[in-house]
Enquirer: 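Can you keep this structure in mind? I'll have questions shortly.
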Amino acid sequence: MSERLEDIAAAMVADGKGILAADESSGTIKKRFDAINVESTADSRRDYRELLFRSTEAMKKHISGVILYDETIRQKAADGTPLVDLIKGAGSIPGIKVDAGAKPLAGFPGDTITEGLDGLRERLAEYYELGARFAKWRAVIDIDTAKGVPSATSIGSNTHALARYAALCQEAGIVPIVEPEVLMDGAHDIDTCYDVTKATLTKLYLELFAMKVKLEGTILKPNMVIAGKKSGKKNSPEEVAEKTIRLFRETVPAAVPGIAFLSGGQSDEEATANLNAINAIGPHPWKLTFSYGRALQAAPQKAWSGKAENVPAAQAAFAHRARMNGLAALGQWQQSLENA
Ligand code: 13P
């Protein structure tokens, strides 16, 4: 495989393919395992992720890359094969989450700042040796307008950190996934999401420009423009698609090769239907695909429930979601395929 940043980025958003976000921190994967009554140990986490990476058909056809957590990039399958080799063997690219999580932003109650820049150059060099060719850094922007959240300071400092991270990645030969997640947890309407995401993306591209980041070697991982969960409103896929694309045309340069959405708490099928609607109104200047965590994994986790005998059912559930999202990335998904 070519090692040019723009070639890696292009491969990450190849037609009909998207990214599997399997980079849950130890705390987050414990929450997911609690929900299916599975104890979270190094071995159970390994067994679970191994079954995903061994879903060879789905991986080959629909998963361009996998975002790993620090523990996973160093782990071996039960038979001793490094998990990274399983991913590469399926023609997919290993990636790594490198941020150290969102912490309260001093002086700005309700806002967070993502940490992890100190020592990042050295960590990236090690991850490159371990096989990572792309990385992820997630900034978290909550919305609580009554409390003045997010502040301009939060948007400014988070996008500045994203740009510093992105520059270090490119220096190391690693494609940065730039993820400024505007959360859908709040009670806000879709237009408020539009405004906050617009302010965030506008600032983000100014910061990336100032930091001399080569946009052709980046992937944007944004939220869709969508109402907050606590608003009690459900937007149609057509409305989500129209507003999301309108926003991107205003803020995301055409030099960016691809946009890979997070699912952010949308249900499996909602995330698929929305991605499909977005691609159905193309053509667009960038590829638009998925980088889903929950929307790809909720079904296989439930099917698996920690039991070895359920591995084939879990792999089938994962393959189904991967295929549905692969079709949505082409604008070719239909509701009727969900039960086929
Ligand atoms: P979700 O799709 O579950 O939001 O996770 C994607 C991700 O990687 C968030 O950083």
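All ligand and atom numbering here is 1-based and tracks the order in the structure.
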Enquirer: Could you list the atoms of ligand 1 found under 4.0 angstrom from a heavy atom of Ser291?
Expert: 6 (C)
Enquirer: Which atoms of ligand 1 have any heavy atom of Tyr292 under 4.0 Å away?
Expert: 2 (O)
Enquirer: Donor-acceptor pair, Glu270 side chain versus Ser267 backbone, under 3.5 Å?
Expert: yes
Enquirer: In terms of side-chain geometry, is the basic nitrogen of Lys61 or Glu57 positioned less than 4.0 Å from the acidic oxygen of its partner?
Expert: yes
Enquirer: Once you restrict to heavy atoms under 4.0 Å, what part of Ala271 touches ligand 1? Side chain, backbone, both or neither.
Expert: neither
Enquirer: Taking only heavy atoms of Ser263, which atoms of ligand 1 are found under 4.0 Å from at least one of them?
Expert: 1 (P), 2 (O), 3 (O), 4 (O)
Enquirer: Select the closest option to atom 6 (C) of ligand 1 among Arg294, Arg138, Lys221, judged by heavy-atom distance.
Expert: Lys221
Enquirer: Are Lys30 and Glu39 close enough for a salt bridge, meaning some N to O gap below 4.0 Å?
Expert: no
Enquirer: Name the orientation class of the two ring planes belonging to Phe290 and Tyr292 (parallel below 30°, tilted from 30 to 60°, perpendicular beyond 60°).
Expert: tilted
Enquirer: Tell me whether Gly293 has any N or O atom under 3.5 angstrom from an N or O of ligand 1.
Expert: yes
Enquirer: From the options Glu181, Lys136, Lys97, select the one whose nearest heavy atom is closest to atom 10 (O) of ligand 1.
Expert: Lys136
Enquirer: List in chain and number order the residues that pass salt bridge (Lys or Arg N to Asp or Glu O under 4.0 Å) with Asp70, two or more places apart in sequence or in another chain; answer none if no residue qualifies.
Expert: Arg74
Enquirer: Identify, for atom 9 (C) of ligand 1, the protein heavy atom at the shortest distance, and state residue, atom and that distance.
Expert: Glu179 OE2, 3.2 Å
Enquirer: Do the side chains of Asp15 and Lys287 get close enough for a salt bridge, i.e. N-O under 4.0 angstrom?
Expert: yes
Enquirer: side-chain hydrogen bond (donor to acceptor under 3.5 Å, both in side chains) with Gln297: which of Glu24, Arg321, Lys302?
Expert: Glu24
Enquirer: For ligand 1, is Gly264 a contact, meaning one of its heavy atoms is under 4.0 Å away?
Expert: yes
